[in-house]
Amino acid sequence: MTQDNTGKKTAGIDGIKQLVPSQRLKLVSMLHLTHRAQPVRRVFIPKPGSSEKRGLGIPTIHDRCVQTLVKLGLEPEWEAKFEPNSYGFRPSRSCHDAIEAIFSAIRQKPKFVLDADLEKCFDRIDQSALLAKLKTFPTLRRQVQAWLSAGVMERGALFPTKEGVPQGGCCSPLMANIALHGMEAVVSQVSKTARLIRYCDDFVVLHEDITVVQACQQALQQWLGGMGLTLKPSKTHITHTLKPFEGRVGFDFLGMQIRQFHVGKYQCGKSGTRGKHPQALGFKTLIKPSPAKLKQQLEAIGCIIKTHRAAPQAALIRHLNPRIRGWANYYASVVSKACFEKLDHLIFQQLRAWARRRHPNKSLYWIIHRYWRMESGENWRFSVTLNGQPMHLLKHRDTPIVRHIKVQGNRSPYDGDWLYWSTRLGSNPEVPTRVARLLKRQKGQCPACELFFKDGDQLDIDHILALSQGGKDEYKNLQLLHRHCHVVKTKRERATVQS
C-alpha cells in the first residue's frame, strides 16, 4: 500500500523519500508498536478556490508503515460501526454516493437544509476525547497517542501538538471519522425523520420543518463542542431546496449545485425526479456542476493554454486531455450535458485565440483548417497527426451521462461480498472505460495474484503479449493488474528477454 501511494516519494523529517528493496525488507523487521513516534514535517498547500493554506503533516516512512498496519487493524472494526450516511474517506464510498443520498432524501418533497462545515476539523479535534472514543486495547491506544502528541517540525523548530490530528498521515482520515462518528444519532434524537449526510467535515441536515433543522443545528453544536469542534460561521447557513429563504435557493455540496425548480403546466421534459413525473410533484430536482467549479475548470484550461503558447499542438493536447477527462468523469453522473457543451464552446474560443496569436498574418479560414479537422462526420475537432496517427482534443460532451448507483446502506468492503464490490468498482463514473470493461471481463479479479480488486487499489492496464514482442493494443491482448503485480510481471519479462 505504501509503495502504490502516489505521494510515496514525499519525505518526512528524516529526508528519506524512497527505499530500495533491501531497505524495505529491513524495515519490515522493525515494524513494531513501540509507543514512540517521530515528529511530522509541516507543509502548507493552497486550498482549492481559496487564498487560505492547509497544513499537512508528513510522517517518516517508518511511521507511515506502522500507521498503515494500525489502520488495517482498526478499519474493519470501525467500518462495521460507522453510520450509513457517512461517505468521506471510507473505502468503497465516494462523493457520488453522498450526492445520491441527498437526491433520495429530497426527490419526493422539498426540504430545508442546514449546509454546514467544521472550523479546522483536523487541527482542533480533542485528543483525549478521541482516545476515549477509540476504546481499543492499551498497546494500540498508546501508539495512537504517541502519533497525536509527537509534535510538528516547521522551519527547523519543533512545535508541540496538544490538539488535533496531523492531516497527511495514513491514519488521519480514519481518526477524523471516528471523532465525528455519532452525528447521525444526535440528529435522530431530535427527529426520526431528519436526515444527516456527511462527507468527512462537510455535512447537510435535511427536513421539511425549519424548526427541526434549527434544533438539529443547536444539538450538533453542543455535541461537537465535546470533541473540541465548532461550526464555521462563514460556511454554515440554512436554505431551502425550492423556495427562496434568507436570499438563498438550493445549495452547493461537493462541487455540485443542488436545487429544485417549480414545474409549470407544460413542463414535461426530462427531470431528475426519476420514478414519478415532475408535473405530479409540482417541481423537479436538478443536480449539476456548481458555477464556481465551472469557472475553476475554465480558468485551469486557460492557464494550460497560456502556458503552452509556444508549444506544439500535440504537446498542448497531451496536457489538456487529462484535465478534461478527469473533470468530465467526475460530473458524468449528474445533469451536466448543458454545462459540458458550454465549456466546450468557451474552450474553442480560447483555442482559437491561441491559434490566431501564433499566426497573426493568416486568415481565420486558414487557421481553422490548420488546427481543426473534420473526423468521421463529426463537427470540427482540434487535432493533429503525430507519427501517422491522429491525435485529437477530448471534449467534455464526449463523456456519456450515466447515473451513479448509491452504495447499499451499511454495506462494507470487509463483509466478504467481493463480487458486489468489484462490480461497483467497474461502474464508478470516475473509472476509465477500458478499465471498467476489463473489470467486467475479469469479474473483478487480478489474474496475477487471483485476489479481488478493492477500492483504493492502484490498477494498471497491461499488455498480455508486450508490444515489443509483437503484441497489439487491442482488448483481447489487455488485462488489468494490481500495480505491484504489473511491476513483477514486467521484471520477469525483461529477465526472460535478456536471457
Side-chain angles (χ1 to χ4, degrees), residues 46 48-51 252 255-257 269-270 286 288-402 429-435 461 467 472-475:
S50 173
S51 58
D252 292 351
M256 310 284 188
Q257 183 187 66
K270 293 182 179 180
L286 294 182
K288 54 186 180 179
S290 68
K293 293 300 180 181
L294 283 171
K295 181 181 178 182
Q296 185 179 342
Q297 171 71 348
L298 190 61
E299 289 177 349
I301 295 290
C303 183
I304 294 174
I305 293 174
K306 184 177 180 180
T307 305
H308 293 80
R309 283 179 296 190
Q313 185 181 8
L316 177 60
I317 292 174
R318 273 196 297 266
H319 282 84
L320 286 176
N321 276 349
R323 177 80 195 189
I324 294 173
R325 183 186 297 111
W327 197 92
N329 284 341
Y330 180 80
Y331 291 103
S333 62
V334 295
V335 187
S336 304
K337 184 177 179 181
C339 297
F340 286 174
E341 291 178 350
K342 179 180 179 181
L343 276 175
D344 289 336
H345 173 67
L346 294 175
I347 291 171
F348 166 75
Q349 292 180 333
Q350 291 180 332
L351 291 172
R352 184 177 61 185
W354 172 87
R356 296 190 74 168
R357 182 184 182 277
R358 296 165 69 93
H359 306 282
N361 298 323
K362 296 290 185 178
S363 67
L364 182 59
Y365 178 86
W366 185 93
I367 290 172
I368 292 295
H369 283 77
R370 168 69 174 79
Y371 292 101
W372 278 266
R373 300 179 184 181
M374 188 80 74
E375 293 185 359
S376 63
E378 296 182 2
N379 293 329
W380 291 98
R381 187 179 286 270
F382 191 72
S383 61
V384 65
T385 301
L386 187 65
N387 299 327
Q389 296 293 328
M391 181 182 185
H392 63 263
L393 181 71
L394 296 178
K395 294 183 179 180
H396 292 82
R397 63 171 174 263
D398 292 338
T399 305
I401 305 297
V402 180
E430 294 185 276
V431 172
T433 303
R434 287 209 305 179
V435 173
I461 296 176
L467 297 177
K472 296 183 178 180
D473 190 22
E474 53 188 16
Y475 272 104

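As the structure is a prediction and not an experimental result, all values here were calculated from the model.
More than 12 heavy atoms of other residues, nucleotides or ligands lie within 6.0 Å of CZ in R358, so this atom counts as buried by the packing criterion. Other residues, nucleotides and ligands place more than 12 heavy atoms under 6.0 Å from the NZ atom of K395.
Between L343 and I301, the closest side-chain pair of non-hydrogen atoms is not below 4.5 Å. Q349 is listed as a side-chain neighbour of L346, based on a closest heavy-atom distance under 4.5 Å.
A distance of 4.5 Å separates CD in Q350 from CD1 in I305, rounded to the nearest 0.5 Å. Atom-to-atom distance recorded for F382:CZ and I347:CD1 is 11.5 Å, nearest 0.5 angstrom. From I368, atom CD1 reaches atom CG of L351 across 10.0 Å, with rounding to the nearest 0.5 Å. Atom NE2 of H345 and atom CD of E341 lie 11.5 Å apart (nearest 0.5 Å).
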### Residues H369, W380; criterion ring pair (Phe, Tyr, Trp, His ring centres under 6.0 Å); working and verdict
CA-CA 9 Å; H369 283 77; W380 291 98; 5.1 Å; yes

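Pairing each heavy atom of H392 with each of N321, the nearest pair is O-ND2, 3.3 Å.
Between W372 and F348, the ring planes are perpendicular. Angles over 60° get that label, and only those under 30° would be called parallel. The aromatic rings of F340 and H396 are tilted relative to each other, their planes meeting at an angle between 30° and 60°. Using bins of under 30°, 30° to 60° and over 60° for the plane-to-plane angle, the ring pair H319/H308 lands in the tilted bin.
With D344 as the fixed residue, the salt bridge (Lys or Arg N to Asp or Glu O under 4.0 Å) test singles out one of R397, K337, R381: R397.
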